[in-house]
Amino acid sequence: MSDYLTRTAQSRISARPGEHVLDWHPGSQKATIQIGESGQEFLAGWRPPRAASDLLLFGASVYCIDKTSPRRASGDAWTRNLCLRLPVADPTAFVDADWPRTLAFLTGDTWRIEPYAGTQDPLDDIDGVPDSTTGGSAAADAVCLFSGGLDSLCGAIDLLEADPAARICLVSHHEAGQASVAQQHLVKALLDHYGKDRVTSRRLYLRPAPANASQHRPLPSTRDNTTRARSILFLTSALAIAAANGPDTPVYVPENGFIGVNVPLTRARVGTMSTRTTHPHFMNLLAESLRRVGIDNPIVNPYRLTTKGEMLEQSRNADLLRRLAPKSLSCAHPETARYAKRAQGNCGYSYPCLIRRASLHHVSWDTETYAWDVLTDRALLDPRTRRGADLRAVVTGVLAERPDIDVLRNAPLPSGERTEFLNVWRRGRTELRSWINDKATGPLRARFATPTP
């Protein structure tokens with residue numbers, strides 16, 4: 001069991017022996033949850049109600065636990081036993097929310113959540129945070145998750161085009177690197193195109209803080225790279241801003257339905273080895289947990305029954321989307337190319353990159369340059385090469401015929417919508433199949449390409 005205690009500046013609770021401490025002190029060297037590269041810019045100028053402040057602290061804590069608890073140390077090198085104590089205004093509501101069930105589905109771990117009474121708001125006494133609830137400098141009619149990927153770019157453009165008067169707040173998370181660069185480029189482009197009166201950006205820099213002498217108990221230096229809980233941080237930060245603007249302000253999660261159901265490519269990827277960030281079952285579990293802690297803001301994925309290629313095809317401003325698409329980052333390994341002395345950006349071989357290329361091919365936009373070209377690189381087909389694992393899994397699991405029941409392998413689907421989700425899975429596979437059949441050359445085409453049904 002890995003035990004963690006979250007404390008705010010006002011907490012007087014002591015850590016138990018062996019318990020890791022997540023100290024929430026935005027802007028202070030005492031913090032073990034680092035928020036803001038030079039302070040707490042994300043929090044300045046707006047304030048949510050207490051329930052949403054507690055939720056933001058919860059999301060930050062879960063993310064830092066996920067990052068500092070290595071899976072390889074567990075018995076099966078994956079499933080961890082994790083415990084979190086944290087201060088909230090209403091401990092009973094937090095228990096009733098059954099967060100362990102929601103988190104277990106997302107991360108594949110066993111969780112125990114032990115809320116304790118926190119008398120003060122986590123955002124009290126932080127420079128720049130107003131004294132009362134307000135959208136303030138983050139005022140918006142809707143909040144949209146903005147990762148810097150192609151889906152989030154498409155979603156932001158569609159929201160801004162749908163209502164010429166709507167104010168949209170784009171919420172991002174980063175720890176620097178290529179994702180941060182993509183977010184900055186795209187936010188600037190959207191600001192230039194739609195104007196500062198319509199686009200607000202809140203970019204959250206948050207991570208487990210590196211050890212320093214001011215911290216009471218520094219966190220372990222080991223970092224896990226699976227980060228299945230990142231979506232909790234992403235969503236809770238967006239919900240906090242939405243709640244500051246009112247309980248009816250929606251949070252949009254633009255993610256294509258094919259990656260949402262995320263049917264495991266092979267049997268070895270069943271379960272949380274296949275990500276569940278926007279799986280409809282997780283979204284339903286999350287909504288119920290949120291309702292029980294007093295967060296009523298709706299979470300909407302307008303593309304839950306749409307493939308990535310269909311998102312691009314149906315864009316409300318295809319010209320703008322096509323112009324900005326090359327600046328977006330849809331990659332699981334954006335830093336890898338640096339070590340191979342290749343141009344950084346979309347690596348080309350990760351599963352998100354493969355889906356990206358198939359979707360761009362669907363609208364005849366697949367003209368970008370990638371660090372590795374899976375359509376021509378012979379080495380990626382070598383089973384001894386880890387870099388080609390996703391490509392080989394796609395060939396095995398997507399191009400081959402599969403029974404419809406496979407769509408349920410990751411998790412149950414909402415009652416009454418199984419046919420719709422089954423169809424979006426089929427259409428997504430067709431996009432991948434068509435791309436490889438139309439564009440592959442050399443060994444990939446000769447050995448694996450099959451006629452499109």
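Side-chain contact between Thr32 and Arg217: absent, with no pair of heavy atoms (C-beta onward) separated by less than 4.5 Å. Looking only at side-chain heavy atoms (C-beta outward), Asn212 and Pro218 stay at 4.5 Å or farther from each other.
Just one of Arg223, Arg228, Arg80 meets the salt bridge (Lys or Arg N to Asp or Glu O under 4.0 Å) condition when paired with Asp66; it is Arg80. None of Thr102, Asp98, Asp96 except one satisfies the side chain to side chain donor-acceptor pair (under 3.5 Å) rule with Ser289; the exception is Thr102. None of Tyr349, Trp372, Tyr370 except one satisfies the ring-ring contact (aromatic ring centres under 6.0 Å, His included) rule with His333; the exception is Tyr349. With Ser53 as the fixed residue, the side chain to side chain donor-acceptor pair (under 3.5 Å) test singles out one of Thr133, Asp121, Asp124: Asp121. Checking each of Arg207, Lys67, Arg230 against Glu175 for a salt bridge (Lys or Arg N to Asp or Glu O under 4.0 Å) leaves exactly one that passes, namely Lys67. With His173 as the partner, the ring-ring contact (aromatic ring centres under 6.0 Å, His included) test is satisfied by one option alone out of Tyr205, Phe234, Tyr63, Phe146: Tyr63.
Aromatic ring pairs are classed by plane angle as parallel below 30°, tilted from 30° to 60° and perpendicular above 60°; the pair Phe94 and Trp99 is tilted. Taking the six-membered ring where the residue is Trp, Tyr4 and His20 present tilted rings, their angle falling between 30° and 60°.
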TODO: In sequence, state the C-alpha distance, the side-chain angles, and the governing distance for Glu114 and Cys83, and then conclude on side chain to side chain contact (heavy atoms under 4.5 Å, CB included).
DONE: CA-CA 8 Å; Glu114 298 181 2; Cys83 178; 3.8 Å; yes
TODO: Determine, stepwise, if the pair His193 / Leu160 fulfils side chain to side chain contact (heavy atoms under 4.5 Å, CB included).
DONE: CA-CA 10 Å; His193 188 84; Leu160 289 160; over 6 Å; no
Task: Gln344 and Val181: CA distance, side-chain angles, deciding distance, side chain to side chain contact (heavy atoms under 4.5 Å, CB included) verdict - done: CA-CA 11 Å; Gln344 293 186 68; Val181 172; over 6 Å; no
Open item on the list: Would Arg203 and Ser180 count as a side chain to side chain donor-acceptor pair (under 3.5 Å) here? Give the steps.
Closed with: CA-CA 9 Å; Arg203 299 179 62 246; Ser180 175; 2.7 Å; yes
Open item on the list: Applying side chain to side chain donor-acceptor pair (under 3.5 Å) to Ser137 and Arg202, what does each step give before you reach the verdict?
Closed with: CA-CA 10 Å; Ser137 60; Arg202 289 282 158 169; 2.5 Å; yes
- [ ] Could you give me the CA-CA distance, side-chain angles and deciding distance for Glu161 and Tyr194, then say whether side chain to side chain donor-acceptor pair (under 3.5 Å) is met?
- [x] CA-CA 9 Å; Glu161 292 287 339; Tyr194 292 104; 2.6 Å; yes
Open item on the list: Working note: Arg72 + Asp224, criterion salt bridge (charged side-chain N to carboxylate O under 4.0 Å, His left out); need CA distance, chi angles, decisive distance, verdict.
Closed with: CA-CA 9 Å; Arg72 62 178 177 272; Asp224 195 86; 5.4 Å; no
Task: Stepwise salt bridge (charged side-chain N to carboxylate O under 4.0 Å, His left out) check, Arg323 with Asp319 - done: CA-CA 6 Å; Arg323 177 166 61 85; Asp319 290 341; over 6 Å; no
- [ ] Test side chain to side chain contact (heavy atoms under 4.5 Å, CB included) on Lys30 and Asp23 and set out the steps.
- [x] CA-CA 7 Å; Lys30 297 179 181 179; Asp23 275 324; 5.8 Å; no
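For residues 131-147, the salt bridge (charged side-chain N to carboxylate O under 4.0 Å, His left out) pairs, not counting sequence neighbours, are Asp141-Arg167. Applying the salt bridge (charged side-chain N to carboxylate O under 4.0 Å, His left out) rule to pairs touching residues 232-253 yields nothing, sequence neighbours excluded.
Rounding to the nearest 0.5 Å places NE2 of His174 at 7.5 Å from CG of Leu204. The structure places CD1 of Ile355 at 9.0 Å from OG of Ser350, a figure rounded to the nearest 0.5 Å. One distance of note links CG of Leu145 with OG1 of Thr277; it measures 10.5 Å at 0.5 Å rounding. Atoms NZ and CD, from Lys308 and Glu255 in turn, are 6.5 Å apart once rounded to the nearest 0.5 Å. Rounding to the nearest 0.5 Å gives a distance of 11.0 Å between CG of Asp54 and OG1 of Thr6. Atoms SG and CD1, on Cys144 and Ile241 in that order, are 12.0 Å from each other to the nearest 0.5 Å.
With no hydrogens or angles considered, a side-chain donor-acceptor pair links Ser328 and Arg356 at under 3.5 Å.
Ion pair Arg85/Asp3 not flagged as a salt bridge, since none of the NZ, NE, NH1 or NH2 atoms sits closer than 4.0 Å to an Asp/Glu carboxylate oxygen.
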